Asks: 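Quick one: the structure is below, questions incoming.
Nothing fancy with the numbering, it's 1 onward along the sequence. Keep in mind that this is a model prediction, so the values were computed, not measured.
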Amino acid sequence: MAEPHGEGDAMSRSLRERQDRDIAMTHALTTAEYALASEAAQVARAFAIVGLGFDAPTFVAMRVLESSVAEDLDLEHALSSSVIRNLIDHSAALSEDLLAT
């Protein structure tokens, strides 16, 4: 038996809305990763010039914490989030790639 036309349309809209949110979130995370990686690479270059050590994951984590404080978020929760941990890891790895070029 075919489902009523209205229910199928509602399900399609709901699926499309979820896909749109997923795409927007992925885009936002990718944009943040690149921005953090670029900033980390710039700071790493400046530190290298003056002979200071630099740790990209710590730098990126500190920037995440800075944003979390500004947004009044729980710091431990922010850093324990798998999404945020992946953001830190990806940004740090990308900053190393940017430094190599």
Side-chain angles (χ1 to χ4, degrees):
M1 174 179 230
E3 65 181 81
H5 186 66
E7 286 180 36
D9 287 345
M11 288 176 53
S12 293
R13 278 192 304 278
S14 175
L15 176 61
R16 180 62 185 177
E17 289 168 0
R18 191 174 83 200
Q19 289 172 332
D20 287 345
R21 284 191 307 273
D22 288 348
I23 289 169
M25 178 60 75
T26 299
H27 176 68
L29 287 171
T30 301
T31 301
E33 285 174 6
Y34 185 79
L36 288 165
S38 179
E39 185 179 4
Q42 287 179 323
V43 172
R45 284 186 192 102
F47 276 35
I49 290 169
V50 298
L52 294 173
F54 181 76
D55 181 65
T58 301
F59 175 81
V60 173
M62 293 300 294
R63 295 292 282 128
V64 168
L65 285 176
E66 180 182 5
S67 296
S68 298
V69 167
E71 296 294 325
D72 200 30
L73 300 176
D74 180 83
L75 301 181
E76 286 122 20
H77 179 72
L79 286 179
S80 65
S81 159
S82 63
V83 172
I84 296 301
R85 294 301 290 265
N86 286 334
L87 174 91
I88 292 168
D89 292 342
H90 292 160
S91 296
L94 181 55
S95 74
E96 296 297 324
D97 292 343
L98 292 172
L99 283 171
T101 59

Asks: Who are the salt bridge (Lys or Arg N to Asp or Glu O under 4.0 Å) partners of Asp72, not counting sequence neighbours?
Replies: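 Listed in chain order: nothing, the list is empty.
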
Asks: Return the set of residues passing ring pair (Phe, Tyr, Trp, His ring centres under 6.0 Å) with Tyr34 (not counting sequence neighbours), or none when no residue passes.
Replies: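 For Tyr34, no residue satisfies ring pair (Phe, Tyr, Trp, His ring centres under 6.0 Å) once neighbours in sequence are set aside.
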
Asks: Quick one: name the residues clustered hydrophobically with Met25, using the 4.5 Å side-chain heavy-atom rule over I, L, V, M, F, W, Y, and just say none if it's on its own.
Replies: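 Via sub-4.5 Å side-chain contacts, Met25 links to Leu29, Leu36, Val43, Phe47, Ile49, Val50, Leu52, Phe54, Phe59, Val60, Met62, Val64, Leu65, Val69, Leu75, Leu79, Val83, Ile84, Leu87, Ile88.
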
Asks: Please enumerate all residues that pass salt bridge (Lys or Arg N to Asp or Glu O under 4.0 Å) together with Glu96, with sequence neighbours excluded.
Replies: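 Salt bridge (Lys or Arg N to Asp or Glu O under 4.0 Å) list for Glu96, sorted by chain: empty.
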
Asks: What distance separates Glu76 CD from Ser68 OG, expressed to the nearest 0.5 Å?
Replies: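 So the CD of Glu76 and the OG of Ser68 are separated by 11.0 Å.
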
Asks: Can you measure from CG (Leu94) to CG (Asp89) and round to the nearest 0.5 angstrom?
Replies: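 It is 12.5 Å, given to the nearest 0.5 Å.
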
Asks: Heavy-atom count check: over 12 atoms from other residues, nucleotides or ligands less than 6.0 Å from Glu71 CD?
Replies: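 No, because the 6.0 Å sphere around CD of Glu71 holds 12 heavy atoms or fewer from other groups.
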
Asks: Checking Glu66 now: which residues fulfil side chain to side chain donor-acceptor pair (under 3.5 Å) with it, not counting sequence neighbours?
Replies: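 Once residues adjacent in sequence are excluded, the partners of Glu66 under the side chain to side chain donor-acceptor pair (under 3.5 Å) criterion are Arg63.
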
Asks: Is the side chain of Thr30 donor-acceptor paired with the backbone N or O of His27 at a distance under 3.5 Å, no angle test?
Replies: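 The answer is no, because no donor-acceptor pair under 3.5 Å joins these two groups.
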
Asks: From Ser95 OG over to Gln42 CD, what is the distance, rounded to the nearest 0.5 angstrom?
Replies: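 Result: 11.5 Å between the selected atoms.
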
Asks: What are the two closest heavy atoms between Ser91 and Ala37, and how far apart are they?
Replies: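 That would be O-CB, 3.3 Å.
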
Asks: List in chain and number order the residues that pass salt bridge (Lys or Arg N to Asp or Glu O under 4.0 Å) with Arg21, two or more places apart in sequence or in another chain; answer none if no residue qualifies.
Replies: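 Once residues adjacent in sequence are excluded, Arg21 has no partner under the salt bridge (Lys or Arg N to Asp or Glu O under 4.0 Å) criterion.
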
Asks: Quick one: CD on Glu33 to OG1 on Thr26, what's the gap to the nearest 0.5 Å?
Replies: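 Those atoms lie 10.0 Å apart.
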
Asks: Indicate the atoms forming the closest heavy-atom contact of Ala44 with Leu99, along with that distance.
Replies: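 Looking at all heavy atoms of both residues, the closest pair is CB-CD1, 3.6 Å.
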
